[in-house]
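Please read the structure below before turning to the comments.
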Amino acid sequence: MDFTYTETQDMLRDTLARFLADTYDFDKRQKMIASSGGRDPGIWKGLATDLGILSAPFSEEQGGLGGGALENMIMMEEFGKVIAIEPYLQTVVIGGGALKAAGGPLADALIPEIIAGNAIIAFAYAEPQGRYDLANLRTSAKKDGAGYVLNGHKGVVYAAPWATHLLVTARTGGSQREAAGVSLFLVDAKTPGIVRRDYPCVDGFQASEVYFENVAVSADALLGGEGTGLPLIEQIVDEATVAVCGEACGVTRKLHEGTLDYSKQRQQFGQPIGRFQVLQHRMADMFLEVEQIVSMTLMATLKLDLPADERKAAVSLAKAKVSRSAKFVGQNAIQTHGGIGITQELAIGHYFKRATMIEGQFGSADFHLDRFERLTLADAA
Amino acid sequence: MNLEFSPEELAFRDEVRTFIAENYPQDLRGKQDEGDELGKEDFLSWHRILHKKGWVAPAWPVEYGGTGWTATQKYIWSEETARADCIRLMPFGLAMVGPVIYTFGTPEQKAQFLPRILSGEDWWCQGYSEPGSGSDLASLRTKAVRDGDHYIVNGQKTWTTMAQHADWGFFLVRTNSDVKQQEGISFLLINMKSPGITVRPIITLGGEHEVNEVWLEDVRVPVSQRIYEEDKGWTCAKFLLAHERTGIAGVAASKRGIERVKSIARTELDGDRSLLANPFFKRKVAELEMDLTALEFTELRSLAGENAGKGPGPESSLLKIKGSEIQQRLTELSLEAVGHYGAPYFRGFGDGDNEHPIGPDYAHRTAPTYFNARKTTIYGGSNEIQRNIIAKMVLGL
């Protein structure tokens, strides 16, 4: 058992933190979100080419730095600290993760493109009726000669407006909520028949409703087995969930720090409000929650390689805690700031917005407690 | 970074398991199973066995009798002792005054006291709180006046755990009233058999005699029994409190406790299903596991920091707050789980009586244990004081 980061991991963190300090101050972030396209593509290019760190979680044979989940966690935490809107989660953690796990010619072709910053992948998995159930799918992929034809509607696909590729879950068989019959496809975003309605999200990201209207794809687009894709999808969503927990580490730490700083400056009743014990205890409690977010994120990251049921239980326990704690830290950050906290003027409100979206991303606390209970709290011994 | 045990660590775990299985006192096990209140000899029996093995003080530096274990080995040790339901050793010597003596004591003090703490020859108690000084510990008024090579000590201490058995006590006393409160306190080791000491029991909600009042009337204490400098005792006190707090998290014991709650809830009926199938009860168990896992990994992070040379700091307040809350929630759930049979105070009849006991075995003492556990958020610096410490020492407020 060992709880220390390697020198390489420390360097990765420092390199990214320095880069983001230069590129992602609050004003620059607000400007890029307001610009057409809603982002600065130069930053992604910089991460890929100047820093070369989009390769962090890929193996050396794949042209990567030989890292994995820990490297993803480190990077997500740093992105969280500046509430970056870079599509790292979607492209590298999820898209890259799916390709790494599935292997094959598509992976060999696309991973170098991810590392080079050329490919951006969006994950089209959610459907309007499906909530957090990954198997609740109406989108269909019907066999057509050597390939498939996709039809359906995917909701709130983060980063889709920027994406070169879409990672799509669809039914090749089975009924709407059945585990069997679920398949995973990676398709070119420009394939005819893909229609998008793009919009900004409350946390600064761009997303789309994506409609598949008789979208013909080749058999190569299938990742993993036909109809047996659910375990792979669950695995990459667990990895993504833990990565979002990593992001929460950075977001909530900043919420807490920002609140502390503010409480030392803001004067009421002739003294800084941080002198009031009722606020001191609130900020002590925020500190407790942030530390527990970090602990749970580490726990789940280190358990991602366990057998599926143990992995799922660990990830669900972590996400349930992170969702609850992120809510506590975010709400109390705003309350402590008072009126200024509910304006767009200070960064704190924007951290709160991202923290709020993290709460529900890949499942709420209730969803994950429920999954944990089903896996571990059997009624009989 | 990884969670796997190395082959050496696995071998160590097996060694620990075997040792406990072969050496844990059977009569002590029996008393624990029956839920009997444990006496001095019960605590000392396991203590002496561990001392003989050289494993009684894993946290101490090797030069003073520690084991030299890595953080992982210490983790394995606490997991295995909890798993086997071993009693926790009394902390007053091993976890509290011992580290103060080897950190601040003179060579003579170390030689006099440390070996007897390890062997269990001396039973220690803690003279901190006073009737008028609880959370505001630094306001304490027990006074020590210098008289040649002695101090004459007068005052009253309270909540003195296990003082009824104690050979020695470590006391915070006021040696200077003309300075800031914290700067006029000294740390004295006092022989509890000294003339002028009176120990009176305080019976707590579960009926236990754990704590006492201690009266000191003109007690003569040699100056050589003062640890560290005169008026600098607060430094020792703060050091000790930080040490006390890390042990207080009780992660391994709480993990074992959750297993017990689950097993009760699988046995108890709730209509035509088990209590654990009740979604409301089940959710409380899941939430407890969630918070305990967060505590466990926070402690592991903190231990890794200690391994890297950082001593337990103010963040140990975090472990105290969360650990104590979880211990209380466990006792709460156990009591809730047993339903009606939380109420009977006496479960059965005397030794040798063959009448069947009242209620299931696991229900026995759930209510007294719940009552008793209210102490955990109060002692060792109340959880409100811990938040003050975090605000001041960690957050800089």
Side-chain angles (χ1 to χ4, degrees), chain A residues 1-6 9 70 256-257 259-260 263-264 272-277 279-289 291-303 305-306 313-314 316-318 320-322 324-325 365-366 368-370 372-374 376-381, chain B residues 1-6 9 70-73 75-76 262-263 265-267 273-279 281-283 285-287 289-305 307-308 315 317-319 321-322 325 383-384 386-392 394-397:
Chain A
M1 204 162 62
D2 173 27
F3 274 83
T4 49
Y5 290 105
T6 63
Q9 288 165 341
L70 266 167
H256 183 234
E257 281 176 13
T259 305
L260 260 182
S263 79
K264 290 173 186 174
I273 60 171
R275 297 239 176 98
F276 297 116
Q277 196 176 41
L279 296 189
Q280 290 183 350
H281 283 201
R282 180 186 296 162
M283 287 184 279
D285 284 334
M286 291 168 73
F287 166 75
L288 299 185
E289 296 307 312
E291 289 301 320
Q292 291 178 91
I293 287 174
V294 174
S295 298
M296 284 302 234
T297 301
L298 203 55
M299 182 277 294
T301 304
L302 295 173
K303 291 190 173 184
D305 290 334
L306 293 182
S316 279
L317 213 53
K321 183 74 191 173
V322 169
R324 288 230 179 132
S325 299
D366 282 350
H368 281 289
L369 282 170
D370 191 53
F372 174 77
E373 289 166 5
R374 276 186 278 116
T376 68
L377 293 177
D379 303 345
Chain B
M1 198 172 300
N2 66 74
L3 293 177
E4 289 95 56
F5 291 136
S6 66
E9 287 161 351
T70 62
T72 305
Q73 285 176 304
Y75 172 81
I76 291 171
K262 283 199 263 192
S263 135
R266 285 193 180 107
T267 311
R273 61 187 178 191
S274 80
L275 180 62
L276 195 58
N278 175 318
F281 193 87
K282 192 201 295 251
R283 180 56 46 95
V285 175
E287 286 168 341
E289 287 210 57
M290 173 177 83
D291 288 339
L292 181 55
T293 306
L295 178 69
E296 179 181 17
F297 277 78
T298 304
E299 186 173 58
L300 286 170
R301 286 169 56 216
S302 157
L303 287 175
N307 251 20
E315 67 275 7
S317 293
L318 187 168
L319 301 176
I321 293 173
K322 287 294 154 191
E325 288 174 357
N383 285 17
E384 289 74 18
Q386 303 303 339
R387 286 179 170 87
N388 287 351
I389 291 171
I390 290 173
K392 190 170 168 205
V394 183
L395 309 183
L397 289 169

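Every chain is numbered from 1 and lettered A, B, ... according to where its sequence line falls, protein lines coming before strand lines. For the numbers below, each heavy atom of this structure counts, side chains included, while hydrogens, waters and symmetry mates do not.
Note: B/Glu289 leads B/Glu296, B/Arg273, B/Glu289 in heavy-atom pairs under 4.5 Å with chain A. Of the residues considered (A/Arg275, A/Lys303, A/Met296, A/Gln9), A/Met296 shows the highest number of contacts with chain B, using heavy-atom pairs under 4.5 Å. Each of B/Leu318, B/Leu295, B/Thr267, B/Leu3 has some count of heavy-atom pairs under 4.5 Å with chain A, and the biggest count is that of B/Leu3. Counting heavy-atom pairs closer than 4.5 Å to chain A, the top-ranked of the candidates B/Ser263, B/Ser6, B/Ala286 is B/Ala286. Between chain B and the options A/His256, A/Met283, A/Gln292, A/Glu257, heavy-atom pairs under 4.5 Å are most frequent for A/Gln292. Of the listed residues (B/Lys262, B/Arg301, B/Glu4), the greatest number of heavy-atom pairs within a distance under 4.5 Å of chain A belongs to B/Arg301. Taking A/Leu317, A/Thr4, A/Thr6, A/Leu279 one by one and counting their heavy-atom pairs under 4.5 Å with chain B, the maximum is reached by A/Leu317.
Under the 3.5 Å distance criterion, with hydrogens and angles disregarded, a donor-acceptor pair is assigned to the side chains of B/Asn388 and A/Gln277.
Only the side chain of B/Lys322 comes within contact range of chain A, with at least one heavy atom under 4.5 Å from a heavy atom of that chain. Within the 4.5 angstrom heavy-atom criterion, only side-chain atoms of A/Ser263, from C-beta onward, approach chain B. Using a 4.5 Å cut-off between heavy atoms, B/Glu9 contacts chain A through its side chain alone, with no backbone atom that close. Contact of A/Tyr5 with chain B is made through backbone and side chain together, with heavy-atom distances under 4.5 Å. In this structure, chain B has heavy atoms under 4.5 Å from both the backbone and the side chain of A/Leu369. Both the backbone and the side chain of B/Lys282 have a heavy atom closer than 4.5 Å to some heavy atom of chain A. Heavy atoms closer than 4.5 Å to chain B are found in both the backbone and the side chain of A/Asp370. Looking at B/Ile76, neither its backbone nor its side chain comes within 4.5 Å of chain A, counting heavy atoms on both sides.
To the nearest 0.5 Å, atoms NE2 (A/His368) and NZ (A/Lys321) are separated by 15.0 Å. Atoms CG and CE, from B/Asn2 and A/Met1 in turn, are 9.0 Å apart once rounded to the nearest 0.5 Å. For the atom pair CG (A/Leu302) and OG1 (A/Thr297), the distance works out to 10.5 Å, reported to the nearest 0.5 Å. Note that the CZ atom of A/Phe372 and the CZ atom of B/Arg283 stand 10.5 Å from one another [nearest 0.5 Å]. How far OG1 of B/Thr72 is from CZ of A/Phe3: 8.0 Å, rounded to the nearest 0.5 Å.
Put simply, the side chain of A/Glu289 never gets that close to the backbone of A/Met286: no donor and acceptor are under 3.5 Å apart.
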- Query: Where do B/Arg387 and B/Glu384 land on the salt bridge (Lys or Arg N to Asp or Glu O under 4.0 Å) test, with the steps shown first?
  - Reply: CA-CA 5 Å; B/Arg387 286 179 170 87; B/Glu384 289 74 18; 5.4 Å; no

- Task: Give the C-alpha distance, both sets of side-chain angles, the deciding distance and a yes or no for side-chain contact (heavy atoms from CB on, under 4.5 Å) between B/Gln386 and A/Leu288.
- Result: CA-CA 11 Å; B/Gln386 303 303 339; A/Leu288 299 185; over 6 Å; no

- Message: Using the rule given for side-chain contact (heavy atoms from CB on, under 4.5 Å), can you reason through B/Met1 versus A/Leu298, listing the C-alpha separation, both sets of side-chain angles and the distance that settles it, and then say yes or no?
- Response: CA-CA 10 Å; B/Met1 198 172 300; A/Leu298 203 55; 3.4 Å; yes

